[in-house]
Amino acid sequence: MGLLTALARGLVRGADRMSPFTSKRGPRSHNKGRGAKQLGVLTAGRKFILLREMVPQFIVPNLEGFKLKPYVSYRAPEGSEPPMTAKQLFSEVVAPRIEKDVKDGTFEPGNLEKYGFEPTQEGKLFQLFPKNYVR
Amino acid sequence: MRLSALLCAGRLRIPPGYRHGTWRPETAAAQRRNPPGQRRNKIFVEPIAREDWKVFRGDTVQVLVGKDAGKQAMVTQVVRARNWVVVEGLNTHYRYVNRTAKYAGTYIASEAPLLLSQISLVDPEDRKPTEVEWRYTEEGERVRVSLRSGRIIPLPLRERRDGIVPEQWIDGPKDTTVKDALEKTYSPSLKTFEEEIMDAMGIVETRRPKKSYWY
């Protein structure tokens, strides 16, 4: 039984070199972060200015009368609806409006904004492409 | 590498010459019997394809060989790697458990595993041993059919590992009821989720982020 089998049996010689060197290890002078984002700007003179816009806020509507809870009962059956596609969204929301206008005769191909068409994403707060919000 | 690799054994890798016992590979008893680096003589096992496996936990089977030959009981454990089936209360030998320095231990009966060739599935109405085959019903469902009488042997109910029986579950205070969970409240709209919340809460945001470029 050579050295390799003795090691393989779980006899660890020395410290574990492969575990990550986190902020929980090392001397008191070892100051390391754990990957939190910088919420401001570090200026000259090593002064840190906190920017209120970068601090995340939870926007939570009023949950009075909200029936969904954190967990789902085990008795609920499995199965779900197919995910919403762009085609399905169009056919449910926009297509009926266009059909109604075509039947009334007020359909204008040049004015598609009233059905939700957006020629550019400039000027919008939540742009769809390139996506500028975090979901 | 050794300690952290042993600690993060999420998905256990079973080495090729592993000798399977009646314990699960992650238990202490199995790890004691199969330390890493152990090589044992090969045990030859009749290869049975995954789709052809017929015996499941909870099935009633009859033992054909041994001192309990002719008796029927339920299957409590299946070890597919060795074609083993452990039947409740049959093919037992006796041993002592929980032995300490002062106490000799409790004398209990422990079941030994039986091979698939020593076992036979039982017709549900006849209650006699039969040969069984996998066949398809007219609806397309795959079922086990007894060859002698043609009756379908239903699959035993699969119990959950955590012991919860969904039909008998009592909802706690943090559980959404089935009616609320299945309610369809989605109304499709062209607004994004964030825009809908802003409209609902009356938040007006006129500032726009500064334009920036990246490569």
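Quick caveat: nothing in here was measured; it's all calculated off a predicted structure. Within every chain, numbering begins at 1; the chains are lettered A, B, ... in the order of the sequence lines, protein sequences first and strands thereafter.
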Are any non-hydrogen side-chain atoms of [X] and [Y] less than 4.5 angstrom apart?
{"X": "A:P70", "Y": "B:T176", "value": "no"}
{"X": "A:E81", "Y": "B:K184", "value": "yes"}
{"X": "B:M198", "Y": "A:F126", "value": "yes"}
{"X": "B:I197", "Y": "A:I59", "value": "yes"}

Non-hydrogen atoms of chain B under 4.5 Å away: do they reach the side chain of [X], the backbone, both or neither?
{"X": "A:F90", "answer": "neither"}
{"X": "A:V93", "answer": "side chain"}
{"X": "A:L68", "answer": "both"}

Residue [X] versus chain A: region with a heavy atom under 4.5 Å:
{"X": "B:S189", "value": "backbone"}
{"X": "B:K191", "value": "neither"}
{"X": "B:E195", "value": "both"}
{"X": "B:Y186", "value": "side chain"}

Other residues, nucleotides and ligands only: do more than 12 of their heavy atoms fall within 6.0 Å of [atom1] on [X]?
{"X": "A:E92", "atom1": "CD", "result": "yes"}
{"X": "B:R57", "atom1": "CZ", "result": "no"}
{"X": "A:L51", "atom1": "CG", "result": "yes"}
{"X": "B:Q38", "atom1": "CD", "result": "yes"}
{"X": "A:F48", "atom1": "CZ", "result": "yes"}
{"X": "A:K131", "atom1": "NZ", "result": "yes"}
{"X": "B:R33", "atom1": "CZ", "result": "no"}
{"X": "B:R142", "atom1": "CZ", "result": "yes"}

For [X] and [Y], which heavy atoms make the closest approach, and how far apart are they?
{"X": "A:A76", "Y": "B:V178", "answer": "N-CG2, 3.8 Å"}
{"X": "A:M84", "Y": "B:P188", "answer": "CE-CB, 4.1 Å"}
{"X": "B:L182", "Y": "A:P77", "answer": "CD1-CD, 3.9 Å"}

If you apply the rule side-chain contact (heavy atoms from CB on, under 4.5 Å), what do you find for B:R208 with A:L125, and how did you get there? CA-CA 6 Å; B:R208 290 287 176 266; A:L125 183 59; 3.6 Å; yes

- Which is it for B:Q168 and A:R75 under the side-chain contact (heavy atoms from CB on, under 4.5 Å) test, yes or no, and what are the steps along the way? CA-CA 8 Å; B:Q168 295 168 12; A:R75 282 180 282 130; over 6 Å; no

Item to check | From A:K67 atom NZ to B:T177 atom OG1, the distance as rounded to the nearest 0.5 Å | outcome: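 One gets 8.0 Å once the value is rounded to the nearest 0.5 Å.
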
**Asked** Going from CG on B:L190 to CD on A:E118, what distance comes out if it is rounded to the nearest 0.5 angstrom?
**Response**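 If I round to the nearest 0.5 Å, the distance is 8.0 Å.
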
Option in B:E194, B:E183, B:M201 with maximal non-hydrogen atom pairs under 4.5 Å from chain A
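Result: the option with the highest number of such pairs is B:E194.
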
**Study point:** A:S73 and B:D171 side chains, donor-acceptor separation under 3.5 Å
**Key:**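 Result is yes, a qualifying pair exists.
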
In residues 33-42 of chain A, which residues are in contact with chain B at a heavy-atom separation under 4.5 Å?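 Listed by number, there are no contacting residues, so the answer is none.
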
- Task: Under 4.5 Å, heavy atom to heavy atom: which of residues 103-117 of chain A reach chain B? Give them by number, or say none.
- Result: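 Under the 4.5 Å heavy-atom cut-off, A:Y115, A:G116 qualify.
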
